[in-house]
Amino acid sequence: MKKAFSLFAIVFVMLTAGCEKQSKADISPPPAPTQFASVVTITYGKTEMTAQLSQNAAEDFTIKFLTPEALAPLLLEYKNSVCKVTYNGLTFEADINRFPQTEAGALLTGALSDAVQGMNLQTTYEDGIWTYTGTGERGTFTLTRNGETGQWIDFNVSGADLKIVFGEFK
């Protein structure tokens, strides 16, 4: 009887050992999306804007503003660290530090590029959410992503008083 119980205990331990939860240290984030489109809500200081954000490659982004009405003709294209601004048919390259709307986009696209490339970011996983934390010119930023779908959730830069919430992710 003792041998049967011992054998049963050993088999039980062996079977349940494979069922333990995967530790947080053992999981790594799935590759970040390099192509997507999302309607984003941008709160920059006291100003709220909405825009269509598209990422076509690791460092190729387009931001088309939808609201407020005065910004609706504004299109920002970030490609390889260069920002091209188009407003009502007028196109020029911009110094991202001169225009608040281009700076907000530059902060976001820089963080997304870093996440895609896995550069200089601390990555944590909790309750199904991946959080990427890094430090940029304007201080610490966080970028969160849904662990199941891979979709971006939000982006915050406290030093720039910037918050971007992703929605209608495609």
Side-chain angles (χ1 to χ4, degrees), residues 21-67 71 74-86 92-170:
K21 285 186 174 181
Q22 191 175 24
S23 78
K24 290 180 184 180
D26 293 341
I27 51 177
S28 59
T34 56
Q35 293 185 331
F36 69 88
S38 177
V39 173
V40 293
T41 302
I42 304 165
T43 305
Y44 192 55
K46 295 180 181 179
T47 304
E48 188 168 306
M49 306 164 262
T50 58
Q52 175 72 40
L53 169 68
S54 301
Q55 181 178 11
N56 306 309
E59 291 189 41
D60 183 358
F61 298 89
T62 303
I63 301 175
K64 170 70 177 112
F65 284 85
L66 306 172
T67 65
L71 288 180
L74 181 61
L75 175 70
L76 305 174
E77 297 173 274
Y78 297 90
K79 196 170 196 172
N80 300 320
S81 302
V82 175
C83 178
K84 184 169 98 176
V85 178
T86 303
F92 59 95
E93 289 185 4
D95 174 359
I96 59 175
N97 296 315
R98 273 187 83 181
F99 300 100
Q101 292 78 13
T102 61
E103 183 190 29
L107 292 169
L108 173 63
T109 59
L112 290 172
S113 293
D114 286 353
V116 167
Q117 297 170 25
M119 298 173 51
N120 304 323
L121 299 177
Q122 178 185 358
T123 306
T124 57
Y125 181 77
E126 189 173 327
D127 297 328
I129 304 293
W130 287 101
T131 302
Y132 302 86
T133 305
T135 304
E137 292 178 15
R138 299 288 292 226
T140 302
F141 66 84
T142 59
L143 179 63
T144 59
R145 180 171 163 219
N146 184 302
E148 188 176 314
T149 65
Q151 296 176 353
W152 297 112
I153 299 170
D154 63 20
F155 173 68
N156 292 286
V157 183
S158 59
D161 199 15
L162 172 67
K163 179 174 178 129
I164 298 175
V165 177
F166 295 81
E168 299 178 37
F169 204 92
K170 298 175 194 173

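Throughout, residue positions are numbered sequentially from 1 according to the sequence presented.
For the pair Leu162/Phe155, a side-chain contact is recorded, criterion being any heavy-atom separation below 4.5 Å from C-beta on. The shortest side-chain heavy-atom distance between Gln151 and Phe166 does not fall under the 4.5 Å cut-off. A 4.5 Å side-chain heavy-atom check between Glu77 and Thr86 finds at least one atom pair inside the cut-off.
Taking all atoms of both residues into account, the shortest heavy-atom contact from Leu71 to Phe65 is O-CB, 3.2 Å. Taking both residues in full, the closest heavy atoms of Asn146 and Thr149 are given as OD1-N, 2.9 Å, listed atom of the first, atom of the second, then distance. What you find for Ala160 and Tyr44 is that their closest heavy atoms are O-CE1, 3.5 Å. Residue Gly134 comes nearest to Leu121 through the heavy atom pair CA-CD2, 3.8 Å, listed as atom of the first residue, atom of the second, then distance. Shortest non-hydrogen contact noted between Cys83 and Leu76 is SG-CD2, 4.3 Å.
Within the structure, side-chain hydrogen bond (donor to acceptor under 3.5 Å, both in side chains) contacts touching residues 156-170 (residues at least two apart or in different chains) do not occur.
Here the side chain of Thr144 pairs a donor or acceptor atom with the backbone of Asp154 at under 3.5 angstrom.
Just one residue in the list Tyr125, Phe141, Trp152 forms a ring pair (Phe, Tyr, Trp, His ring centres under 6.0 Å) with Tyr132, and that residue is Trp152.
Every residue two or more places apart in sequence or in another chain was checked for a side-chain hydrogen bond (donor to acceptor under 3.5 Å, both in side chains) with Thr62, and none qualifies.
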Contacts table for residues 35-43: side-chain donor-acceptor under 3.5 angstrom, sequence neighbours left out:
residue : atom : partner : partner atom : Å
Gln35   : NE2  : Asn56   : O            : 3.1
Ser38   : OG   : Gly167  : N            : 3.3
Ser38   : OG   : Gly167  : O            : 2.8

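If you take CG on Leu75 and CD on Gln52, they are separated by 11.0 Å, rounding to the nearest 0.5 Å.
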